[in-house]
Amino acid sequence: MDLRQFLMCLSLCTAFALSKPTEKKDRVHHEPQLSDKVHNDDQSFDYDHDAFLGAEEAKTFDQLTPEESKERLGKIVSKIDGDKDGFVTVDELKDWIKFAQKRWIYEDVERQWKGHDLNEDGLVSWEEYKNATYGYVLDDPDPDDGFNYKQMMVRDERRFKMADKNGDLIATKEEFTAFLHPEEYDYMKDIVVQETMEDIDKNADGFIDLEEYIGDMYSHDGNVDEPEWVKTEREQFVEFRDKNRDGKMDKEETKDWILPSDYDHAEAEARHLVYESDQNKDGKLTKEEIVDKYDLFVGSQATDFGEALVRHDEF
């Protein structure tokens with residue numbers, strides 16, 4: 001599927017979504033939960049395994065013997081210890097948990113990287129990205145599908161320049177990740193807000209008023225009666241979104257809406273893991289302390305079998 005076909009498909013999907021008047025569009029970027037399991041260490045460490053490894057990776061450990069799990073865990077600890085001082089701190093553990101939880105982002109970047117690093121020099125320039133992404137479609141001034149590709153390209157270029165910290169229009173893999181997933185980087189949050197406002201601000205006055213706010217997430221489609229959630233959103237806009245009560249959201253108010261300051265689940269889990277494993281109570285972990293407490297961090301055939309026995313006994 002080429003870019004034009006993909007965008008046409010995306011357009012049709014969007015139109016289909018908007019044709020459902022009771023469906024709500026969510027623009028808020030929340031930090032996801034670390035696991036869908038209940039966090040109760042008295043019952044099992046499943047939540048901790050998902051948090052530490054990511055849910056999919058955690059499943060692979062359940063097939064290993066305890067010895068194999070410990071060996072693989074030891075190798076992971078070496079990666080977590082960023083400064084190679086022999087200790088794992090709360091901050092290092094928090095960074096690892098965030099990496100494990102967002103592994104899909106890095107996998108997505110790897111896939112896209114191969115298609116955009118055209119000269120295979122380990123960098124992606126703006127010219128490479130532009131040519132790989134838009135290519136021949138820019139030569140057609142009046143595409144059949146109605147998309148304004150040049151306008152899209154201008155928007156992409158602006159975001160690329162924001163991600164490109166040194167301004168050389170050449171992205172490292174980290175900068176390319178910030179370009180593709182700007183909501184994950186603090187220095188990219190302004191561009192997320194700007195793009196969101198441009199999408200919703202139909203009269204281009206630089207603000208989001210109540211009708212624009214509602215119109216972005218709900219289509220009347222001739223229906224007189226609004227669903228209850230729409231009425232609730234109107235109240236939310238008046239009571240909470242529009243903080244200065246001027247009838248519209250400015251940039252800061254929009255930022256507070258779409259990028260809320262969520263509870264840091266990764267930090268809480270990192271502190272929990274350190275507290276439970278820190279034998280000498282010095283506030284940091286050695287590889288030996290982590291491996292000694294391996295069943296808290298990772299699963300194995302033994303822990304999986306043990307939990308199965310517990311569930312069988314309860315049944």
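The figures here come from the full heavy-atom set of this structure, side chains too, leaving out hydrogens, waters and symmetry mates.
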A.B. asks: Tell me if the OH atom of Tyr106 is crowded by more than 12 foreign heavy atoms within 6.0 Å.
C.D. replies: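 Yes.
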A.B. asks: Give me the ring orientation class for Tyr187 and Tyr185: parallel if the planes are under 30° apart, tilted from 30 to 60°, perpendicular past 60°.
C.D. replies: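 Geometry flag for Tyr185 against Tyr187: perpendicular rings.
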A.B. asks: So Asn244 and Glu253, do their side chains get closer than 4.5 Å, heavy atoms only?
C.D. replies: yes
A.B. asks: Fit a plane to each ring of His116 and Phe176, take the angle between them on a 0 to 90° scale, and name the class: parallel (under 30°), tilted (30 to 60°) or perpendicular (over 60°).
C.D. replies: tilted
A.B. asks: Any chance you could lay out the side-chain contact (heavy atoms from CB on, under 4.5 Å) test for Lys94 and Asp264, step after step, and finish with the verdict?
C.D. replies: CA-CA 9 Å; Lys94 179 182 73 173; Asp264 195 331; 4.0 Å; yes
A.B. asks: Hey, any chance Val88 and Ile76 share a hydrophobic cluster, counting ILVMFWY side chains that come within less than 4.5 Å of each other, even indirectly?
C.D. replies: yes
A.B. asks: Leu73 versus Phe52: any side-chain heavy-atom pair under 4.5 Å?
C.D. replies: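 The answer is yes; the side chains approach within 4.5 Å.
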A.B. asks: Relative to Tyr275, does Lys281 satisfy both conditions: NZ or CZ under 6.0 angstrom from the six-membered ring centre, and within 45 degrees of the ring's axis?
C.D. replies: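 Yes, Lys281 lies over the aromatic ring of Tyr275.
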A.B. asks: So for atom NZ, which belongs to Lys79, do other residues, nucleotides or ligands contribute more than 12 heavy atoms lying within a distance under 6.0 Å?
C.D. replies: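 No, the 6.0 Å shell around NZ holds no more than 12 heavy atoms from other groups.
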A.B. asks: For the pair Asp242 and Lys248, find out whether any cationic side-chain nitrogen is under 4.0 Å from an anionic carboxylate oxygen.
C.D. replies: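 Salt bridge: no.
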A.B. asks: Kindly check if the number of other-residue, nucleotide or ligand heavy atoms within 6.0 Å of CZ (Arg155) is above 12?
C.D. replies: yes
A.B. asks: Could you tell me if Lys161 sits above the aromatic ring of Trp126, with its cationic atom closer than 6.0 Å to the ring centre and no more than 45 degrees from the axis?
C.D. replies: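 Here Lys161 fails the 6.0 Å and 45° test against Trp126.
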A.B. asks: Tell me, do Val77 and Phe297 make a side-chain contact under 4.5 Å, heavy atoms counted?
C.D. replies: no
A.B. asks: Below 4.5 Å, heavy atoms only, C-beta onward: do Tyr218 and Glu226 meet side chain to side chain?
C.D. replies: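 Counting from C-beta outward, Tyr218 and Glu226 do come under 4.5 Å.
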A.B. asks: Given the rule in the side-chain contact (heavy atoms from CB on, under 4.5 Å) test, do Lys59 and Leu53 qualify, once you have shown the distances and angles that lead to the verdict?
C.D. replies: CA-CA 9 Å; Lys59 293 176 185 176; Leu53 295 167; over 6 Å; no
A.B. asks: Should Glu198 and Arg158 count as an ion pair when the cut-off is N to O under 4.0 Å?
C.D. replies: yes
A.B. asks: Under 6.0 Å from the NZ atom of Lys114, do we count more than 12 heavy atoms belonging to anything else shown?
C.D. replies: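 Open.
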A.B. asks: Between Trp257 and Tyr213, is the ring centroid distance below 6.0 Å?
C.D. replies: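 Yes, close enough.
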A.B. asks: Between Thr177 and Asp108, is any pair of side-chain heavy atoms under 4.5 Å apart?
C.D. replies: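 Thr177 does not reach Asp108 side chain to side chain.
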A.B. asks: Decide yes or no for Ser300 and Glu68: does some side-chain heavy atom of the first lie under 4.5 Å from some side-chain heavy atom of the second?
C.D. replies: no
A.B. asks: Are His181 and Trp104 an aromatic pair by the rule of ring centers under 6.0 Å?
C.D. replies: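 Yes, the ring centres sit under 6.0 Å apart.
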A.B. asks: Taking only residues two or more places apart in sequence or in another chain, which ones pass salt bridge (Lys or Arg N to Asp or Glu O under 4.0 Å) with Lys165?
C.D. replies: none
A.B. asks: Between Lys189 and Glu183, does any NZ, NE, NH1 or NH2 come within less than 4.0 Å of an OD or OE carboxylate oxygen?
C.D. replies: no
A.B. asks: Can you confirm whether Leu64 sits close enough to Arg72 that some side-chain heavy atom of one is under 4.5 Å from a side-chain heavy atom of the other?
C.D. replies: yes
A.B. asks: Is there a side-chain contact between Asp156 and Tyr134 (heavy atoms, below 4.5 Å)?
C.D. replies: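 Touching, per the 4.5 Å side-chain cut-off.
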A.B. asks: Answer yes if the ring centres of His49 and Tyr47 are under 6.0 angstrom apart, and no otherwise.
C.D. replies: no
A.B. asks: For Val38, which fellow cluster members are found when Ile, Leu, Val, Met, Phe, Trp and Tyr are connected by side-chain heavy-atom distances below 4.5 angstrom, either directly or through intermediates?
C.D. replies: none
A.B. asks: Classify the ring geometry of His272 against His39: parallel below 30°, tilted from 30° to 60°, perpendicular beyond 60°.
C.D. replies: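 Answer is perpendicular, since the angle exceeds 60°.
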